[in-house]
Amino acid sequence: MYRHLERRLTQKIREFLQQTYSIELPRIVIEQPPKVEFGEYALPLAFELAKKLRKAPRKIAEDVVAGLGTLEGFEKFEVAGAGYINARVDRAYVAKALANDEKPTTEAVSGKVLVEHSSINPNKAAHIGHLRNAILGDTFVRLLKSAGRAVDVQNYIDNTGVQVADVVVGFLHLEKKSRVEIEQLAERPQFDYFCWDVYARASQWYEQNADNKKLRLQTLHEIEQGGNETASIAELISTAVLRRHLETMDRLDIEYDFLPRESEILHLHFWEAAFTKLKESGVLTFESEGKNKGCWVMRRAGTASAKDSTTEGTEIAEEDQKVIVRSNGTVGYVGKDIAYHMWKFGLLGRDFNYEKFYRYPNGHECWISSDKGAPDHPHFGDVAEIYNVIDARQSEAQNTVIEALRGLGHNEAADHYTHFSYEMVALTPCCAAELGYTLSEEDKSRAYVEVSGRKGFGVKADDLLDKLIASAKNEVDSRHPELSDDERKNIATQIAVGALRYFMLKFTKNSVIAFDFKEALSFEGETGPYAQYAVVRASNIFRKGGFDPDKFSAGEIDFSKYLSDSSANEIWELWLAAAKTSYVIGQCIATSEPAYLAKHIFQLAQLFNTFYHRFPILTEANESRKQFLLATAAVVRRELIHALQVIGVQAPAVM
RNA sequence: GGGCGCGUAGCUCAAUCGGAUAGAGCACCGGAUUUCUAAUCCGGGGGUUGCAGGUUCAAUUCCUGCCGCGCCUACCA
């Protein structure tokens, strides 16, 4: 609604400027006034025009206001301050549309979007860093879907990398486990936790002597090769850990459609197909001397090629070279990534084979890449737009892939390739100490310490969730002894998930989260449960009053009576915030920043809580005013539930 | 050395391509008719937005230079 009116206003202003001054501005800036008394939209337009028109801003603003006339949905325009033009909407018009849940028709965007997130190495339990990735990714998926986009959710599995090799080495050479023993362990519920420790031990063991490291390299080669016992054990381990990751993420209502694996990228020869094209197009060049002698290299992203017009042809300064194919002929991960991304855009000319892998309790089927494949499978890849949720440390690699696509002439694909970059989750030194890790003096003085799977240093996702559930369960137990234990468990889980998801979303993407248990375990203040509680309060009003909030009819209400005068500003602010939800969702998608929606939810909940205190509804003597207040609660409740659903948070029945 | 990012209240963070008096939460202090359940609400203190210049009617935001911090910068994935 808010967005719809803004568009209408922009259009009107454009027409006016064209007709009156014959001016075409590239962009009409529309802001939100600092206070609701000033109206709903503010235009600093007059300041911009002052120079062009050689008139005082204030005078221009007055002229614009006088000449603008009327506009549907708007009450009036006025001049404020040194030359702001403030627009006031017709409050009753907006409220009525909102109460009736009228959605302005939006043009459907065609083309499928591919969002890839999580991508946890299948060699150990997921930790809080992975949670940030998965929650950001899943929320972005929900944002896109709520805007009507068709989305494929992928989780890339690097099942042939060194991390997997390390656990395999750990099991076979350090723990001396047989295949049968590993199979038995893999059946155990917390196999990923077991691997967590094995991985950390193996990493330490490498430091002991050089032979151990040789074993690692040999194991890695066997895994990459495939078709041998080592590869088979690696597959066994990585698949079992992968299942655990899916279970962990499912606890947070995070699901995937397809799991492409690196093993298939190798076995189905994606790279060979890409290599040919990369050589033909000159993206890759062969180095015949220098430190990268014998390698196929490409220009490192960000080392501008435009400026060095002096170097002729395809010469790339040594420090700007990124090795794609090693001198022994093997391809590095960036190369595989280029091939994989050509597949995503349908540019490779090859496809995976697919088989069913995991069925969610709700019946949703998750597919996985495979060598053989099932005959009937959904169509993946070949999309119009992609988003890769990958942390900021990999931005250079991501940019290299984008440059490769560009070099191949696929500019459109490159333009629709978004590295959805975010910063890592680290631990506060205090938190690290709580976990029993001893830190160096240097680390203690830092604001945060990076987690390290290699050192087994971090907070496991399931542990954190268990802690949150236990803490929420305590509260629910004491507040609602009348409920069954199952019901209380269920509510506690919803609260825990709400707290965790909100926590990961409240920070903007490029701020490092210094994780601290006290903050993450809080259910008060700016948290998910705060917003959930606001919904519960709204529901309670209807429950106690004997009404159904979802069937509440606003037909008879005279909104202008209750919203028009300035004494109604407080309630109007709440209506306005509710009207902004879809606008905020649009902002989140445009900027790839889910934090805006989290903040919006909190603000809406905050305004509602104030309203809740100020205006007792059920005791309201004036029946028509009571209906109006009920309509207010119904609309806010509906918008909050919707917005919470978009960030993947459910509102419990009671709290 | 080069690339990317960050520096805002005691702490953790916001501030929508530059806009009106820089906002929240936590912590601290003081309050809220035992009510639609207080996981809430109201009030209070707390800021030279790292420093110095520049551009602009307007700078936390853009530009330049410093200072400080983080990440990336392997023929590892």
Side-chain angles (χ1 to χ4, degrees), chain A residues 27 29 31-35 38 42 44 46-48 50-51 56-57 80-84 86 121 158 160-165 217 220 262 291-295 297 300-303 319-320 322-328 330 332-334 336-337 391-397 399 421 423-424 426 428 446-448 450 472 475-476 479-480 495 506-508 510-514 516 518-519 522-527 529-530 532-534 536-545 583-584 587 590-591 593 595-596 599 602-603 606 609-610 612-619 629 633 654-655:
Chain A
R27 186 167 171 272
V29 178
E31 293 160 1
Q32 301 177 23
K35 282 180 179 168
F38 296 151
F47 299 111
E48 207 178 328
K51 221 168 220 175
Y84 277 98
N86 290 337
N121 284 322
D158 180 4
T160 57
V162 279
Q163 286 88 350
V164 172
L217 209 59
L220 179 61
E262 185 164 86
K291 83 171 169 136
N292 294 327
K293 182 176 176 181
C295 300
V297 303
R300 190 182 294 285
T303 59
E319 65 270 22
D320 293 344
K322 173 75 195 166
V323 172
I324 303 298
V325 180
R326 302 174 193 117
S327 55
N328 66 7
T330 59
Y333 85 108
V334 176
K336 285 178 264 189
D337 222 20
D391 76 73
R393 284 171 288 195
Q394 299 210 43
S395 65
E396 190 182 282
N399 288 333
S421 166
E423 269 295 349
M424 61 182 175
T428 59
R446 292 177 199 271
Y448 50 82
E450 202 172 340
E475 279 295 319
V476 180
R479 284 162 196 252
H480 297 284
I495 293 169
K506 72 195 262 194
F507 305 93
T508 48
N510 50 9
S511 114
V512 176
I513 297 182
D516 174 65
K518 188 165 158 284
E519 230 185 299
S522 169
F523 297 148
E524 288 165 22
E526 197 196 334
T527 65
Y530 177 96
Q532 290 173 309
Y533 188 59
V536 168
R537 285 179 136 182
S539 301
N540 285 345
I541 298 170
F542 290 91
R543 192 163 40 80
K544 275 273 169 82
Y583 172 83
V584 173
Q587 297 285 310
T591 56
E593 181 51 273
Y596 295 146
K599 291 277 174 199
F602 175 64
Q603 279 159 16
Q606 213 173 19
N609 274 328
T610 307
Y612 179 91
H613 268 267
R614 290 268 323 218
F615 306 101
I617 297 177
L618 295 178
T619 54
L629 294 175
V654 296
M655 273 178 83

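All values below were derived from every heavy atom in this structure, side-chain atoms included, with hydrogens, water molecules and symmetry-related copies excluded. Proteins get letters first, then strands, A, B, ... in listed order; numbering begins at 1 in each.
Of the possible donor and acceptor atoms, one in the side chain of A/T610 sits under 3.5 Å from a partner among the backbone N and O of A/Q606.
Under the 4.5 Å side-chain criterion, counting only non-hydrogen atoms from C-beta, A/E526 is in contact with A/K599.
If you check B/rA15 for Watson-Crick or wobble pairing at under 3.5 angstrom, you find it has no partner at all. Judged by Watson-Crick or G-U wobble contacts below 3.5 Å, the nucleotide B/rG1 has B/rU73 as its partner. When Watson-Crick and G-U wobble pairs are counted only if both distances are under 3.5 Å, B/rU8 pairs with no nucleotide at all. Taking a pair to require two hydrogen-bonding distances under 3.5 Å in either a Watson-Crick or a G-U wobble arrangement, B/rG30 pairs with B/rC42. Base pairing of B/rC51 is made with B/rG65, judged by Watson-Crick or G-U wobble geometry with both donor-acceptor distances under 3.5 Å.
Using a 4.0 Å heavy-atom criterion, one finds that A/L220 contacts no nucleic acid atom at all. Within 4.0 Å (heavy atoms only), A/K293 reaches at least one base atom of the nucleic acid. A/F47 comes within 4.0 angstrom of a base, heavy atoms only. A/K51 comes within 4.0 angstrom of the backbone, heavy atoms only, and of no base. If you check every strand for non-hydrogen atoms under 4.0 Å, A/Q606 touches sugar and phosphate atoms only. A/A633 comes within 4.0 angstrom of nothing in the nucleic acid, heavy atoms only. As judged by a 4.0 angstrom heavy-atom cut-off over every strand, A/F542 is placed among residues making no nucleic acid contact. Across all strands, A/T527 comes closer than 4.0 Å to no nucleic acid atom at all (heavy-atom distances). Nucleic acid contact for A/E450: sugar-phosphate only, since backbone atoms but no base atoms lie under 4.0 Å from a heavy atom of the residue. A/E262 comes within 4.0 angstrom of the backbone, heavy atoms only, and of no base. Contacts of A/R479 with the nucleic acid, taken as non-hydrogen atoms under 4.0 Å apart, include base atoms. When heavy atoms are screened at a 4.0 angstrom cut-off, A/N540 is found touching base atoms of the nucleic acid. Heavy atoms of A/E31 sit under 4.0 angstrom from at least one base atom. Using a 4.0 Å heavy-atom criterion, one finds that A/K35 contacts the bases of the nucleic acid, with or without backbone contacts as well.
Side-chain atoms of A/F507 lie closest to B/rU12 of the nucleotides B/rA39, B/rC6, B/rU12. Closest to the side chain of A/F602, out of B/rG25, B/rC71, B/rU37, is B/rG25. Here the nucleotide nearest the side chain of A/T610, chosen from B/rC76, B/rC42, B/rC36, is B/rC42. Of the candidate nucleotides B/rA74, B/rA15, B/rA32, B/rA15 has the atom lying nearest to any side-chain atom of A/Y596. Ranking B/rA74, B/rA24, B/rC36 by closeness to the A/I541 side chain, first place goes to B/rC36. You'll find that the side chain of A/R393 is closest to B/rC72, out of B/rC72, B/rA24, B/rU16. Ranking B/rC75, B/rC13, B/rC72 by closeness to the A/E396 side chain, first place goes to B/rC72.
Residue A/Y612 has no polar side-chain atom (N or O) positioned under 4.0 Å from OP1 or OP2 of B/rU35. Considering only side-chain N and O atoms, A/R446 lies nowhere under 4.0 angstrom from the phosphate OP1 or OP2 of B/rC69. Between A/Y448 and B/rC11 there is no side-chain N or O to OP1 or OP2 distance below 4.0 Å. Residue A/N328 places no side-chain N or O under 4.0 Å from the OP1 or OP2 atom of B/rC75.
With P as the reference atom, B/rA38 and B/rA20 are 36 Å apart, rounded to whole Å.
Counting distance only, with no hydrogens placed and no angle test, the side-chain atoms of A/K506 and the base atoms of B/rU12 include no donor-acceptor pair under 3.5 Å. Checked by distance alone, A/N86 brings a side-chain donor or acceptor within 3.5 Å of a matching partner on the base of B/rA20. Judged by distance alone, with hydrogens and angles left aside, A/S327 brings a side-chain donor or acceptor within reach of the base of B/rC75, the pair sitting under 3.5 Å.
Across all non-hydrogen atoms, the minimal contact from A/P529 to A/M655 is O-CE, 3.7 Å. Minimum heavy-atom separation, A/G545 to A/L618: CA-CD2, 3.8 Å.
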Worksheet entry | salt bridge (Lys or Arg N to Asp or Glu O under 4.0 Å) between A/D391 and A/R393, worked out | CA-CA 6 Å; A/D391 76 73; A/R393 284 171 288 195; 3.0 Å; yes
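Mapping A/K518 and A/V512 onto RNA chain B by nearest heavy atom places A/V512 closer to the 5' end of the strand. With RNA chain B read from its 5' end, the first of the two nearest nucleotides for A/G161 and A/P44 is the one closest to A/P44.
Between A/Y84 and A/F47, the ring center distance clears the sub-6.0 Å criterion.
Residues A/R537 and A/N540 bring no donor and acceptor atom of their side chains to less than 3.5 Å of each other. For the residue pair A/Y333 / A/D158, no side-chain donor-acceptor distance below 3.5 Å is found, with atom types taken as modelled.
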